[in-house]
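Comments concern the structure below.
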Amino acid sequence: MLRLSYWVFPIIAGVVWLGTLLGLLLYWALETHGMRYPSMSPNQNIAYISDVGADKLKPLFVTGCVLTTILLDISFGADRYLRHKGRLVPNASTTEKVLSGLTIFFAIIGTAGLILLSIFDTARHPKLHDVFLLFFIAGYVLSAIFICWEYQRLGNRYRDHRVLRISFWIKLVFVIVEILLAAAFVACTFTGNYNPGAVLEWVIAFIFSFYVFSFYVDLYPAVKTKNMASVDPDKQHVPRYTPPVDTDDSIGMTTLQRDVEDGRIEREYGTPVATPAAHPPLRYGEPVPNNF
């Protein structure tokens, strides 16, 4: 049975974004039969997403951008919250926590960029639109870089959790592909090759939807630890993520055992540790005690 949890946020966000893009593309291609919008250049035949979103379907475009980015940011926040609570493998170092914070920070910048570029459309505010488009692309690419870095460190620390490596590779592929496509998109746009630039913009946007869906992989494991807070650890084993016990491999002795042997427990806590009673040396001819 599929149980609802935090994983629904990236799924809903991805569906909303994919639906918005398909609505805009199909409307332009089928309903208007590829019409040329006033915001398009004279030598441009393929509409940018912004061209379609600046016309009659602007309410759809704005709504889709707002819902997608807010739900995606909730997914970032849920990932941080669940790791803090121990329901996902936790950030065990300060570096990992900083990387998580940078991921959320640049995602918020990307969110602001996408929402503002949908409001300040290319037909009425072309310069502002281009600035916010840069914020959107740069914000989410940098956010993806930092989350890749974080997951790479988590994957090295918790090698038995394959989902971390899977998520790392998904996001790394996204970063590489999007950077290459974004560079080609900028080059085409600023050199006046608007038709290839428009195609690249649609491709970049559709690939972004799969990046959004990838957070399902990160958040779904929390389903297995959903009721951890209500479980009595004295009565039932709780699968929290804890570091391995420090052991001395040469003699198979735990740290606690070594402390008992060295008398550290008694010195630090004042509680005597029971040890076998010492017997005085026997004199020649004395009987051996029963408890010797």
Side-chain angles (χ1 to χ4, degrees), residues 5-18 20-21 49 61-85 87-91 94-120 129-155 163-164 166-179 181-182 185 201 204-222:
S5 185
Y6 294 92
W7 60 265
V8 300
F9 293 115
I11 294 297
I12 296 174
V15 169
V16 169
W17 182 244
L18 200 57
T20 301
L21 293 178
I49 298 173
F61 187 41
V62 173
T63 302
C65 291
V66 171
L67 290 177
T68 299
T69 51
I70 289 178
L71 289 169
L72 182 56
D73 287 349
I74 292 175
S75 301
F76 283 115
D79 181 84
R80 181 72 191 93
Y81 170 78
L82 292 170
R83 297 195 189 284
H84 176 70
K85 290 295 184 179
R87 289 182 56 187
L88 294 175
V89 288
N91 299 118
T94 302
T95 300
E96 291 168 3
K97 295 176 182 178
V98 170
L99 291 173
S100 177
L102 290 172
T103 296
I104 296 174
F105 173 75
F106 283 106
I108 292 174
I109 291 179
T111 294
L114 184 57
I115 293 175
L116 290 172
L117 74 83
S118 67
I119 296 173
F120 295 94
H129 181 85
D130 290 342
V131 171
F132 295 135
L133 177 63
L134 178 62
F135 280 11
F136 164 58
I137 295 176
Y140 275 112
V141 167
L142 288 172
S143 176
I145 290 174
F146 285 118
I147 201 170
C148 276
W149 191 354
E150 177 193 358
Y151 280 21
Q152 186 267 337
R153 293 178 64 90
L154 286 171
V163 67
L164 293 171
I166 294 172
S167 182
F168 164 75
W169 286 110
I170 291 174
K171 291 171 176 58
L172 181 62
V173 169
F174 166 80
V175 169
I176 294 173
V177 171
E178 289 288 73
I179 288 177
L181 291 176
F185 164 73
E201 185 185 51
I204 290 171
F206 276 109
I207 291 177
F208 180 70
S209 65
F210 292 101
Y211 172 70
V212 176
F213 283 130
S214 75
F215 286 92
Y216 164 84
V217 178
D218 305 326
L219 298 176
Y220 186 76

To the nearest 0.5 Å, how far apart are CG in L99 and CZ in R153? 7.0 Å
Supply the atom-to-atom distance T20 OG1 to L67 CG, rounded to the nearest 0.5 angstrom. 7.5 Å
Are F210 and F174 an aromatic pair by the rule of ring centers under 6.0 Å? no
Ring pair (Phe, Tyr, Trp, His ring centres under 6.0 Å) between F76 and F215, intermediate numbers included: CA-CA 8 Å; F76 283 115; F215 286 92; 4.8 Å; yes
Compare all side-chain heavy atoms of K97 with those of R83 and state whether any distance is below 4.5 angstrom. no
Ring pair (Phe, Tyr, Trp, His ring centres under 6.0 Å) for F136 and F208? Distances and angles first, verdict last. CA-CA 11 Å; F136 164 58; F208 180 70; 5.6 Å; yes
Are the side chains of W17 and V212 in touch, meaning some heavy atoms are under 4.5 Å apart? no
Out of curiosity, I170 CD1 to Y151 OH, how far, rounded to the nearest 0.5 Å? 10.5 Å
Just wondering, more than 12 heavy atoms not from Y81 lying within 6.0 Å of its OH? no
If you round to the nearest 0.5 Å, how far is CG of L172 from CZ of F168? 4.5 Å
Sole residue of I11, T68, T63, L72 in side-chain contact (heavy atoms from CB on, under 4.5 Å) with V16: T68
Of all heavy-atom pairs between L219 and P10, which one has the smallest distance, and what is that distance? CD1-CD, 3.9 Å
Per-pair distances, 0.1 Å, donor-acceptor, side chain in residues 138-150, under 3.5 Å, sequence neighbours excluded:
| from | atom 1 | to | atom 2 | distance (Å) |
| --- | --- | --- | --- | --- |
| Y140 | OH | T111 | OG1 | 2.8 |
| S143 | OG | T103 | O | 2.8 |
| E150 | OE2 | N91 | ND2 | 3.0 |

Could you tell me whether the side chain of R87 reaches within less than 4.5 Å of the side chain of S5, counting heavy atoms only? yes
Near F135 CZ, under 6.0 Å, is it more than 12 heavy atoms from other residues, nucleotides or ligands? no
I need the S167 OG to L154 CG distance, nearest 0.5 Å. 10.0 Å
I want to check something: taking the side chain as every heavy atom from C-beta on, are L181 and F185 in contact at a cut-off of under 4.5 Å? no
D218/K171 ion pair, N-O < 4.0 Å: yes
Nearest 0.5 Å, please: how far is CD1 in I109 from CG in L114? 14.0 Å
Is there side-chain contact between I104 and D73, with heavy atoms separated by less than 4.5 Å? no
Do Y216 and Y6 have ring centroids that are under 6.0 Å from one another? no
